[in-house]
> 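Let me give you the structure first, and then I'll get to my questions.
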There are 2 protein chains.
Amino acid sequence: MPQTAYLPHIAYDSVIFGFSEGDLKILIMEYHNTGLFALPGGFVQLQENLNDAVLRGLNERTGLTDIYLEQFYTFGDFSRFDPEVMRTLLEANGIRPDDGYQWMLDRFISVAYYALINYEDVTPRPDALSDSCEWYPVNELPELILDHRQIVERAIQTLRDNLDRKLVGGNLLPKKFTMNELQNVYEAILGTKLRRTTFQRKMLAAEVLTRHEKHFSGKAHMAPYLYSFK
Amino acid sequence: MPQTAYLPHIAYDSVIFGFSEGDLKILIMEYHNTGLFALPGGFVQLQENLNDAVLRGLNERTGLTDIYLEQFYTFGDFSRFDPEVMRTLLEANGIRPDDGYQWMLDRFISVAYYALINYEDVTPRPDALSDSCEWYPVNELPELILDHRQIVERAIQTLRDNLDRKLVGGNLLPKKFTMNELQNVYEAILGTKLRRTTFQRKMLAAEVLTRHEKHFSGKAHMAPYLYSFK
DNA sequence: CATCATTGTCTCAGTTTGTGACAATAGTAA
DNA sequence: TTACTATTGTCACAAACTGAGACAATGATG
């Protein structure tokens, strides 16, 4: 990461949502030998579109290319500047700031994005600086560096606000899913239980779903239809 | 504007909304001797909060201090980089880039905000580089530099989306206003006519208004109540 | 074939919204 | 003083939408 390759003072952070075992989860990285946890983030190349930089980072971590991605806020408080945290990260990886990494200790403004992906499609990959990149339920996050906790809170709030307006819930599921699975996603995002019949009626009335064949789970009850988003 | 005072590659642009004569309007600056029109914008000082930088800029242009301000998107495409436009602006003002202004010809990422202010409270002030800072109806904007047209479009869209959710319409009016004036603001923002009785019922049911004395305009009809937001 | 959990759909009541009606008001004109 | 007019605040009714439960159909099990 030589200094010349990236725009200084500008970073991005991504809140990558997945859904499994009934929980809304996000990807969190742990840095080598530090016990420090952070959102996956990165920098923007000198001639690269901001959005493309984020997609590039997501692809490196998840292997996915077609990702539902939305920018939601840019965090620009001076107080989010904490060179000691970055110094710790670099030193734990045997990097001397003097060797062209001084710029990483500067103040950064961070553009935050959230992504919705199908949990099953992903095997999280750590990067050079991190031990691990793992799913954590949003209610059981470790302590995060800097203001990353606030970034997550705001991501969840934005996701909730957009849930009905943009009908984005389906991006957290496989292409085909049952109505019950979709309802579970909504409940995990909103943090509340929903009424089955009302939910079903609303989704069908929205005319955004295509109904496919039935899905036989082997359980002893009526088989539900599979749906996909139009 | 010596280079050391500002973060490089980072700017902000502001879409400042006002309401008068039945139209939604925004403030547009015209640069000296160029015929170029642009949104009011600026840069962030090295130790300044991003939000504070925007408030500082708004205060310089409008004289106002308590301003309803909302960040809505960060524009980061490489294609918005056009050094010729900036060079024209500087040269028209007799500034040589070599004299410490080279950084203004670099690529910028711009964080966009919109503000809602009471038209009557403002006497727009041009800055050192601009001839004028004037109100334009959103439907009669001049051609704007770079991607400023898109920024305006997105600001209006965000304002529409937030109108009911955040009940922000009142920020475009004096403290006290009639129900009809408030409805006119809504209609200007949404670009559609609304039904009088439905609008009145919805606003009163929201329990966000305080009813004050009647307002006698001198016209030959029933005088409306004045309202203010709680 | 009886049992059981789950699903798709329907019904009914309660609430919200679209639409027009109507009396009250504050001026103007006779 | 008395019509007359434009506008306002409120109400009434119908239409649309939502919450809550009922119920038959289904797909396995034993």
Side-chain angles (χ1 to χ4, degrees), chain A residues 19 21-22 160-161 163-167 169-170 173-230, chain B residues 19 21-22 160-161 163-167 169-170 173-230:
Chain A
F19 178 76
E21 297 164 357
R160 283 178 185 159
D161 291 345
L163 191 54
D164 281 333
R165 209 151 46 83
K166 305 191 178 180
L167 294 165
L173 291 170
K175 281 215 174 49
K176 292 186 179 179
F177 48 84
T178 66
M179 194 61 83
N180 189 35
E181 288 167 339
L182 185 60
Q183 183 178 340
N184 289 337
V185 167
Y186 271 66
E187 291 176 342
I189 292 174
L190 297 174
T192 60
K193 287 285 172 192
L194 300 175
R195 213 148 261 281
R196 182 180 65 90
T197 54
T198 308
F199 181 79
Q200 178 133 341
R201 180 172 52 189
K202 189 173 77 172
M203 281 299 143
L204 293 178
E207 300 197 345
V208 293
L209 297 179
T210 307
R211 179 178 282 183
H212 301 281
E213 72 280 7
K214 292 197 166 200
H215 171 250
F216 298 90
S217 62
K219 300 289 176 57
H221 54 71
M222 191 183 186
Y225 288 107
L226 288 172
Y227 295 89
S228 66
F229 276 88
K230 279 180 182 167
Chain B
F19 179 77
E21 297 164 357
R160 283 179 183 158
D161 290 345
L163 191 55
D164 281 333
R165 208 152 47 81
K166 305 191 175 179
L167 294 165
L173 291 170
K175 282 216 174 48
K176 290 186 182 181
F177 47 85
T178 66
M179 193 62 81
N180 190 36
E181 288 168 340
L182 185 60
Q183 183 177 341
N184 289 337
V185 167
Y186 271 66
E187 290 176 343
I189 292 174
L190 297 174
T192 60
K193 287 285 172 191
L194 300 176
R195 211 151 263 280
R196 182 180 65 89
T197 53
T198 308
F199 182 80
Q200 178 134 341
R201 180 172 51 189
K202 188 173 77 171
M203 281 297 145
L204 294 178
E207 300 198 343
V208 293
L209 297 179
T210 307
R211 179 178 282 184
H212 300 281
E213 73 278 8
K214 292 198 167 199
H215 170 251
F216 298 89
S217 64
K219 299 288 177 58
H221 54 70
M222 190 182 185
Y225 288 107
L226 287 172
Y227 295 89
S228 67
F229 276 88
K230 278 180 183 168

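A note on names: the letters A, B, ... follow the listed sequences, proteins ahead of strands, and every chain is numbered from 1.
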> Are the side chains of Phe229(B) and Leu209(B) in contact, using a 4.5 Å heavy-atom criterion?
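Leu209(B) reaches Phe229(B) side chain to side chain.
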> Whole angstroms only, please: what is the NE2-P distance between His221(A) and dA25(D)?
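Nearest whole value for this atom pair: 19 Å.
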> Between C1' on dT19(C) and NZ on Lys193(B), what's the gap in Å once rounded to a whole number?
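From Lys193(B) NZ to dT19(C) C1': 18 Å.
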> Of all the nucleotides listed (dA12(D), dA21(C), dA6(D)), which has the minimum atom distance to the side chain of Thr197(B)?
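Shortest atom-to-atom distance from the side chain points to dA21(C).
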> How many whole angstroms separate atom OH of Tyr225(A) from atom C1' of dT9(C)?
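Nearest whole value for this atom pair: 11 Å.
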> Could you give the CE-to-P distance, from Met179(A) to dT6(C), as a whole number of Å?
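Value for this atom pair: 17 Å.
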> Quick one: does Arg201(A) reach the base of dG8(C) with a side-chain donor-acceptor pair under 3.5 Å?
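Flag unset: no donor-acceptor pair detected.
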> Do the side chains of Lys230(B) and Glu207(B) get close enough for a salt bridge, i.e. N-O under 4.0 angstrom?
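No.
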> Whole angstrom is fine here: how far is it from NZ in Lys202(A) over to P in dT9(C)?
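It is 18 Å, rounded to the nearest whole Å.
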> Can you tell me how far apart CG (Asn184(A)) and NZ (Lys193(A)) are? Round to the nearest 0.5 Å.
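If I round to the nearest 0.5 Å, the distance is 6.5 Å.
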> Please confirm whether Phe19(B) and Tyr186(B) have ring centers closer than 6.0 angstrom.
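When the ring centroids of Phe19(B) and Tyr186(B) are compared, they turn out to be at least 6.0 Å apart.
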> Rounding to a whole Å, what distance do you find between Leu204(B):CG and dT16(C):P?
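Distance, rounded to whole Å: 15 Å.
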> I'd like to know if Arg211(B) reaches the base of dG9(D) with its side chain such that a donor and an acceptor end up less than 3.5 angstrom apart.
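Under the 3.5 Å cut-off, the side chain and the base do not form any donor-acceptor pair.
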> Just the rounded figure in Å: distance from P of dG21(D) to CD of Gln200(A).
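Going from Gln200(A) (CD) to dG21(D) (P), I get 17 Å.
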> With nearest nucleotide decided by heavy atoms, which residue, Met222(A) or Thr198(A), maps closer to the 5′ end of DNA chain D?
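That would be Thr198(A).
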> Grab the CG-C1' distance between Asn180(B) and dA6(D) for me, whole Å please.
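So the two atoms are 12 Å apart, to the nearest Å.
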> Would you please confirm or rule out a distance under 4.0 Å between OP1 or OP2 of dA20(D) and any side-chain N or O of Arg195(A)?
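Yes, within the criterion.
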> For DNA chain D, whose closest nucleotide is more 5', that of Ala223(B) or that of Ser217(A)?
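It is Ala223(B) whose nearest nucleotide is closer to the 5' end.
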> Dump the intermediate steps for side-chain contact (heavy atoms from CB on, under 4.5 Å) on Glu213(B) and Lys176(B), then the final yes or no.
CA-CA 10 Å; Glu213(B) 73 278 8; Lys176(B) 290 186 182 181; 3.4 Å; yes
